[in-house]
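Taking it in order: structure first as structure tokens, then the write-up.
Labels below follow one simple rule: chain letters A, B, ... track the order of the sequence lines, proteins then strands, and each chain is numbered from 1.
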Amino acid sequence: MIEVQDLTKSYGSVTAVDHVSFTVNKGEILGFLGPNGAGKTTTMRILTGYMPATSGTARVAGFDVFRESMEVRRRIGYLPENPPLYPDMTVETYLDFVARIKNVPAERRPARIDDALRKTNLEDRRSELIKRLSRGYKQRVGIAQALVHDPDVIILDEPTVGLDPKQIIEVRNLIKGLAGNHTIILSTHILPEVSMTCDRVVIINKGKIAAVDTPQNLTSQLKGGQKIHIETEAPEKLLRDVLSEIPGASRVVIEPARAGSRQTVTVEAAQGNDIRSQVAAKIVEHGWPLYELHGVSLSLEDIFLELTTDDAAHAQSSS
Amino acid sequence: MTAFFFNVILSEVIKQSFQMEMQGMRFGAPSDFDVPAAVMRNFFGILSTLVLFFTPILTMSVYAEERKRGTMELLMTSPVSELEIVLGKYLASLSLFALMLLPTASYMIFMCLRSDPRPPWSMLAAGYAGVLLLGGSLLALGSFVSSLTENQLIAAVITFAASLFIWVLDIGRSTDSGGGTVLQYLSVIRHYEDFTRGVIDTSNLIYYASFIVLFVFLTVRSVDSMRWRRA
Ligand SMILES: Nc1ncnc2c1ncn2[C@@H]1O[C@H](COP(=O)(O)OP(=O)(O)O)[C@@H](O)[C@H]1O
Ligand SMILES: [Mg+2]
């Protein structure tokens, strides 16, 4: 349904989106996950025809987003980062206006508006002025606006931002309910969001794609992988060298412990390597005291951090 | 709010016009001096000055507000062309402008009904056609300026300055030199005077129509380039 190929967008010298490629299948919910400034909004703006790409192509339902923009715009419902609301309109007149500019025929408009209001739980607010609504309700009006013309593709830029936990759950359920009939891309910088709502995740960082997979696979990919916490007392440089030499150890972080001259050490190991016994052996071999050693498997959270942490910071912490 | 002020100022104008009319009658103005017509010309003259001051305020927020609210993103990702967006916004501001004129029209109709000899309705109609065209031109100019900047104050000031500039091109009218006539032709107010005399001249219509089309076109280009300016 959506094919993105080598999409690049530069703002002057800043490359906000850097050769991004991914596809979204019909009826799928794709999560666009990345920290602030990763390029999520920029990618979505290109897909919706708001701004042109610097290079690369993107197609929605087979239409090029730039050359056949009108065809694409007809098929997309879009919630921008800031909900595009007219504060002096009522919820209903606003949705009617949006339905109108989205070319919904007059006879179908009332039914479409009712449907959008029902899905977003706004039926009792239909005659209220938008400026009188709370943040959460405004966000829902923004989502209703993206649904009102029953588009094939729905693009939601951080749909749960600024909502309270109860509202977040409601919005997630709403989005899940839309899947199947609609193809959905939603962006977020909150990790649990994707594991709860999305079929697939694109992790983007600094304009580049770091990973594309299902939330399950991303978790299990490094499931065998471990993080080992140790508490010991040793010369830092030597300790680091010794631990880094262990086959399978990917990252060593040494911090001074609260108590005396001890250090807490975190060693990360790649998939399928249980290096706990080797770590213990090395430390004992050098005659250092081993106060504590325990392993934890990496969560999706860790994977996200792993994938999006600055390479420079990475190098620094392990050198 | 603006409509209220507009109303107050105009009722003042009308009052004065009535007084002048009364004075004219009391001191036995010559019977061939068409007092209502003179009052009407006077009225439309003042109205045109008000238009100069009010159109920048009407247009300053047209695009700035849309951008600030983020609704430009909605419009520009909807299946409507830039021309549709620009024409829609232009016609909306023109309707608001016409609505603001409505109270003044009711005063004028009242005045015409009460005056003797009654000025021909065509004169009133021509006058209002002139105000709408003059206002419509300045609104088109103002909308264009508004599409260029996000700052409403700057938009209003530039619109006023530009309007004033094309207004006073007419200034050298008394010194009827050859070079002056081209500049005079470009003045927005020069084409307005015929209307206040009840004359609808095709050349004036063409002038205003071209003016409006030109600025609507420039606004379309400017809105279109917003996509690229984000780069
Ligand atoms: N209009 C713009 N002009 C210049 N730089 C921009 C503009 N919009 C975004 N950027 C830059 O592009 C990068 C990606 O931004 P964005 O797409 O908004 O990221 P995200 O939505 O993931 O937070 C950031 O470094 C941001 O500063
Ligand atoms: Mg963003």
### Message
As a quick check of understanding, evaluate side chain to side chain contact (heavy atoms under 4.5 Å, CB included) for A/R45 and B/E73, giving each step before the final call.
### Response
CA-CA 9 Å; A/R45 285 179 161 176; B/E73 197 159 350; 3.0 Å; yes

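Across all non-hydrogen atoms, the minimal contact from A/P84 to B/G70 is CB-O, 3.4 Å. Here the shortest heavy-atom pairing between B/R227 and A/M51 reads O-CB, 4.0 Å. For the pair B/V80 and A/R73, the tightest heavy-atom approach, listed with the atom from each and the gap, is O-NH1, 3.3 Å. Contact record, B/P79 with A/R74: CB-CG, 3.8 Å, taken as the closest heavy-atom pair.
Note that the OH atom of A/Y94 and the CG atom of B/L74 stand 5.0 Å from one another [nearest 0.5 Å]. Once rounded to the nearest 0.5 Å, the distance linking CE of A/M44 with OG1 of B/T77 reads 12.5 Å.
At most 12 non-hydrogen atoms from other residues, nucleotides or ligands lie less than 6.0 angstrom from CZ of A/R132. Atom NZ of A/K119 sits in a crowded spot, with more than 12 heavy atoms from other residues, nucleotides or ligands closer than 6.0 Å. Counted within 6.0 Å of CZ on B/R221, heavy atoms from surrounding residues, nucleotides or ligands total 12 or fewer; the atom is thus considered open.
Interface remark: B/E66 contributes side-chain atoms only to the contact with chain A (heavy atom separation under 4.5 Å). Proximity to chain B (any heavy atom under 4.5 Å) is shown, for A/E81, by neither the backbone nor the side chain.
Highest contact tally toward chain B, considering only A/I101, A/N82, A/T48, A/T54, is held by A/I101 [criterion: heavy-atom pairs under 4.5 Å]. Contact count versus chain B (heavy atoms, under 4.5 Å) is highest, among A/V98, A/T42, A/L85, A/L79, for A/L85.
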Side chains of residues 205-217 of chain B: which donor-acceptor partners sit under 3.5 Å, not counting sequence neighbours?
unit_1, atom_1, unit_2, atom_2, d
B/Y207, OH, B/L186, O, 2.5
B/Y207, OH, B/V188, N, 3.4
B/Y208, OH, B/V188, O, 2.5
B/Y208, OH, B/Y192, N, 3.4
B/S210, OG, B/I206, O, 2.5

